[in-house]
K.L.:
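Here it is: the structure, laid out below.
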Amino acid sequence: MPQSAATISGIQRMVLYETRARYFLVGSNQAQTKHRVLKIDRTEPKDLVIIDDKHVYNQQEVRELLGRLDLGNRTKIGQKGSSGLSRAVSAFGIVGFVRFLEGYYIVLITKRREMADIGGHSIYKIEDTTMIYIPNDSVRVAHPDEARYVRIFQNVDLSSNFYFSYSYDLSHSLQYNLTLLQRPYELWSSAASSGEEEVHTQSKQDSFDIFEDEGLPTQVVYGLQTEPYYKYVWNGKLLERVKDIVHHDWLMYIIHGFCGQSKLLIYGRPVHITLIARRSSKFAGTRFLKRGANCEGDVANEVETEQIVHDASVMSFTAGSYSSYVQVRGSVPLYWSQDISTMMPKPPIRLDQADPYAHVAALHFDQMLQRFGSPIIILNLVKKREKRKHEKILSEELYPAVINLNQFLPPDHCIDYIAWDMARYTKSKLCNVLDRLSMIAENVVKRTGFFINRSDFYCHTLRPDDRWGDLGGHIASSGRVQTGVLRTNCVDCLDRTNTAQFMVGKCALAYQLYALGMIDKPKLQFDTDCVRLFEELYEDHGDTLSLQYGGSQLVHRVKTYRKIAPWTQHSKDIMQTLSRYYSNAFSDADRQDAINLFLQVYQPSETKPHLWELPTDFYLHQRSTMALPQDRRSYTLWWSEGILSYLPVAYDEVPCDDTMKKVKVKRVNRFDEGIDIYTEFFKPYELTCFDDTFCIAMTNSAREFMPKTVGVDPSPFTVRKPEETGKSVLGNKSNKEETLLQRKTAASAPPPPSEEAISSTSEDDSEDDRDDDGSVSQRSTPIKLLTDSGESSRTQEIQQQQTVKEPYGLNLAEFPSEEDVLIYKRFAHLGEIKHATEPVSCFPDDSVFSVCPPQVDRNSHDVFESHVMLGQGQVRALCREDVLMYREYIKNRYM
């Protein structure tokens, strides 16, 4: 059993009850065995009064409490017609509390959908919310502009790409969450003893133990609850008003970005690939309205992308194998913007403020050193050569800033700067963009390494790979840790950035699968089921982030840079470009106002101008414009104190005094529901259907991408033909071809493509030469009937061979191999008694007539004997372990 475990939220279901004077929010855990009650006053017109008694109720106590509230709030005693307590809404969590010009509103999550599962920890997407006004109508003071603020606030669509989890901290990376659990026992024991007063003590009823006279030990586990990384939390300001008033189980932090998960089946072994993108809530906004950085070092369109690969056959965080890799995108960290008043597709770039000492860049990279460690690698994809200087302005400012900051850093931890004009390479017919990106990705992953929570396999020692020995990162006793991060940017950080991040992620995925023992070399080829699945995940990821920031989906995709995109893709690209231009010109201002209001960057007040009256929101995001800074940071020692002493490891992941203060430790029993992830995930108290489980419904490489042809290699690492996918088999057939195939065989096979459908790239041509004769016959053009009788009979014979090969996977006209003939002869003579058969088992007297019974050990014999006795009504004496387990079950279930 682990010595520490993540704490599961004790409130996952809520019911809001309403009386005339108060709201009662009753929250319960997943099993509905423990309840908490929150009382919200409705008589205050503009203030928020919340009372949390911190008491844990059981189901019977909650029913009695609600019954008394119902009886006490009726207008007449004994009246049954009008209930004094009415049920308003059911919910799954609180987004927060917000106030504009009147009273407070409460925002509740009413619908959710599971999007991913990491080690039994479910990640949900918000599907629907409701916004309820708290004050009563009798005390409400109406304001004419209140309805407009409500409409602006609701322009942030909470049902679009907002995610949360009850047991997993989405604001931190998997590396942070797992290294926290792997910290030594002494740290948590000292933290638990020093913070004993802060931990909520159990009531006398909870601490009562009916087994205390037997002297059986209690198995203690340290439940950990971390403080979220508020940079990626989007409802932090909405919960700030109640954070110190209510129990922490009521607080649920949400992130904005993307979350997707797919299942990679390797000969039946499930490997889950998860992609999580966290969008920063600092300096957040839309494309042309948020560029560069603010005075605190927060950049526009900053997104942290994490890819998690884990063996889904083992669920536990401690016993399972988990790996992750993190990379970042974000705008160029300078003071720059674009003027959109001219209504141009590409407004000119202008530098708003001189920064000769790279103060803003220093603040930004200081944040990155603290969260990711070193080295920080910048991949700058903006254009270098232009007829009229546009994007080049940013490179000319960024490179000197990096040089200036590096002269004060130790040489081992300097910021690496890679500038590569990706757009120019794309236009060249002699250069392959993805080959160049693959080289960059290989060097980046070798320097940063990746995270894995287990040590190397013995097979890595038996069959060493040269690239594996050169891999960077920090090697610990429990595995590897990623140190440093790749920061990719172009101008918009959308199309070029997403393709570059995909290539780096593809390279890291190969190393992750190799570290998990799934492949024999850390290399993945295009047109395999694995890479196709990963590419689809990254395209969904890119489309989602592009819609959030740019107002349209991706214009240039991975297939565009591979130069294998169909000709219809060009018209789609034009439409996406027009959609992006329309969104930037007409709807971005309204979306920016909604984001500013939701993140509480702007808080309405009767003494301030309204949000729609502001000429600009510049001063809202630049605090230095409203107040002089109290302390000026050093231009030479530009990093925070204590960071350099732990590099290359990130300061946030080091068990020092500052980081330990952000973790709350609570001593709990090993069977406590607050840390029991098994009960949380499998829900043994509910009747569930396999077809409704998330792991059945998620994208599957064998179902979605593997060709349906009989005899195909089921390995997801086999290179396929471009049209050989599970999705295209049923979509490209005509009715005539479907009828013909149904007559031939029930097995579905891909139709023969036309000559135009066959790719002309050198990589695919080499694949054609490697294929067997059967696959070539399927890919060839249909054979026409000739007038000559000899050729016609030969053609019919070939067609008959093709018909036989489709269902059976072999050609019956060919003579069988010698090995098959030998097997058949042995089978034919198996019934002859004189024939000497080879033993087929390890038993000495084995034959076709008699079998020696196997030997059973004493332990197995005792288990079977006790099972038979139990069926006859005779119960054996319980051992010490059984008594201990029964004791823990009784204590946690009923006390």
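Here the structure is a predicted model, which is why all the values come from computation and not from measurement. Because only heavy atoms are used, hydrogens play no part in the values below, and waters and symmetry mates are left out as well, while side chains stay in.
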K.L.:
Please find out if less than 6.0 Å separates the ring center of Y417 from that of Y399.
P.N.:
yes
K.L.:
Under the rule for side chain to side chain donor-acceptor pair (under 3.5 Å), what residues qualify as partners of Y651, not counting sequence neighbours?
P.N.:
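Only D658 meet the side chain to side chain donor-acceptor pair (under 3.5 Å) criterion with Y651.
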K.L.:
When the ring planes of F162 and H256 are compared, do they come out parallel, tilted or perpendicular, using 30° and 60° as the limits?
P.N.:
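Answer is parallel, since the angle falls under 30°.
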K.L.:
What is the minimum heavy-atom distance between Q338 and R291, and which atoms define it?
P.N.:
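Here Q338 and R291 meet closest at OE1-NH2, 2.7 Å.
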K.L.:
Run the ring-ring contact (aromatic ring centres under 6.0 Å, His included) test on W638 and F408 for me, step by step, so that the C-alpha distance in whole Å, both residues' side-chain angles and the decisive distance to 0.1 Å come before the verdict.
P.N.:
CA-CA 8 Å; W638 52 265; F408 307 113; 8.3 Å; no
K.L.:
Over 60° means perpendicular and under 30° means parallel, so tell me whether Y229 and H172 are parallel, tilted or perpendicular.
P.N.:
tilted
K.L.:
Are the aromatic rings of Y163 and Y124 close, with centres under 6.0 Å apart?
P.N.:
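Ring-ring flag for Y163/Y124: false, centres at least 6.0 Å apart.
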K.L.:
If the threshold is 4.0 Å, N to carboxylate O, is there a salt bridge linking K290 and D298?
P.N.:
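No, no charged N to carboxylate O under 4.0 Å.
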K.L.:
Is the positively charged end of K282 above the ring of Y230, judged by distance under 6.0 angstrom from the centroid and angle within 45° of the axis?
P.N.:
no
K.L.:
At their closest point, which heavy atom of E386 faces which heavy atom of K392, and how far apart are they?
P.N.:
OE1-N, 3.1 Å
K.L.:
Write down the atom of V156, the atom of I595, and the distance for their closest heavy-atom approach.
P.N.:
CG2-N, 4.0 Å
K.L.:
Tell me, please, which residues at least two apart from A358 pass side chain to side chain contact (heavy atoms under 4.5 Å, CB included).
P.N.:
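With neighbours one apart ignored, the set is A361, A401, N404, L405.
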K.L.:
Taking all non-hydrogen atoms of both residues into account, name the closest pair between S262 and L537 and its distance.
P.N.:
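Closest pair (atom of S262, atom of L537, distance): OG-CG, 3.9 Å.
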K.L.:
Establish, from distance only, whether the side-chain atoms of N380 and S395 form a donor-acceptor pair under 3.5 Å.
P.N.:
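A donor-acceptor contact under 3.5 Å links the two side chains.
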K.L.:
I'd like to know if D470 and R467 make a salt bridge, using a cut-off of under 4.0 Å between side-chain N and carboxylate O.
P.N.:
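No salt bridge links D470 with R467.
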K.L.:
Under a plain distance cut-off of 3.5 Å, with no hydrogens placed, do R632 and H359 share a side-chain donor-acceptor pair?
P.N.:
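There is no such pair between these side chains.
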K.L.:
Kindly write out the residues that satisfy ring pair (Phe, Tyr, Trp, His ring centres under 6.0 Å) with F618, not counting sequence neighbours, or none if the list is empty.
P.N.:
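Once residues adjacent in sequence are excluded, F618 has no partner under the ring pair (Phe, Tyr, Trp, His ring centres under 6.0 Å) criterion.
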K.L.:
For E304, is there an ion pair with R278 - N to carboxylate O distance below 4.0 angstrom?
P.N.:
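Yes, this pair counts.
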K.L.:
Ring centres of Y511 and Y514 under 6.0 Å apart?
P.N.:
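Not under 6.0 Å, so no.
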K.L.:
For the residue pair T274 and Q261, confirm or rule out a side-chain donor-acceptor distance under 3.5 Å.
P.N.:
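Yes, side-chain donor-acceptor contact under 3.5 Å.
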K.L.:
Among S165, S173, S171, whose side chain to side chain donor-acceptor pair (under 3.5 Å) with D169 holds?
P.N.:
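It is S171, the one option of S165, S173, S171 that forms the side chain to side chain donor-acceptor pair (under 3.5 Å) with D169.
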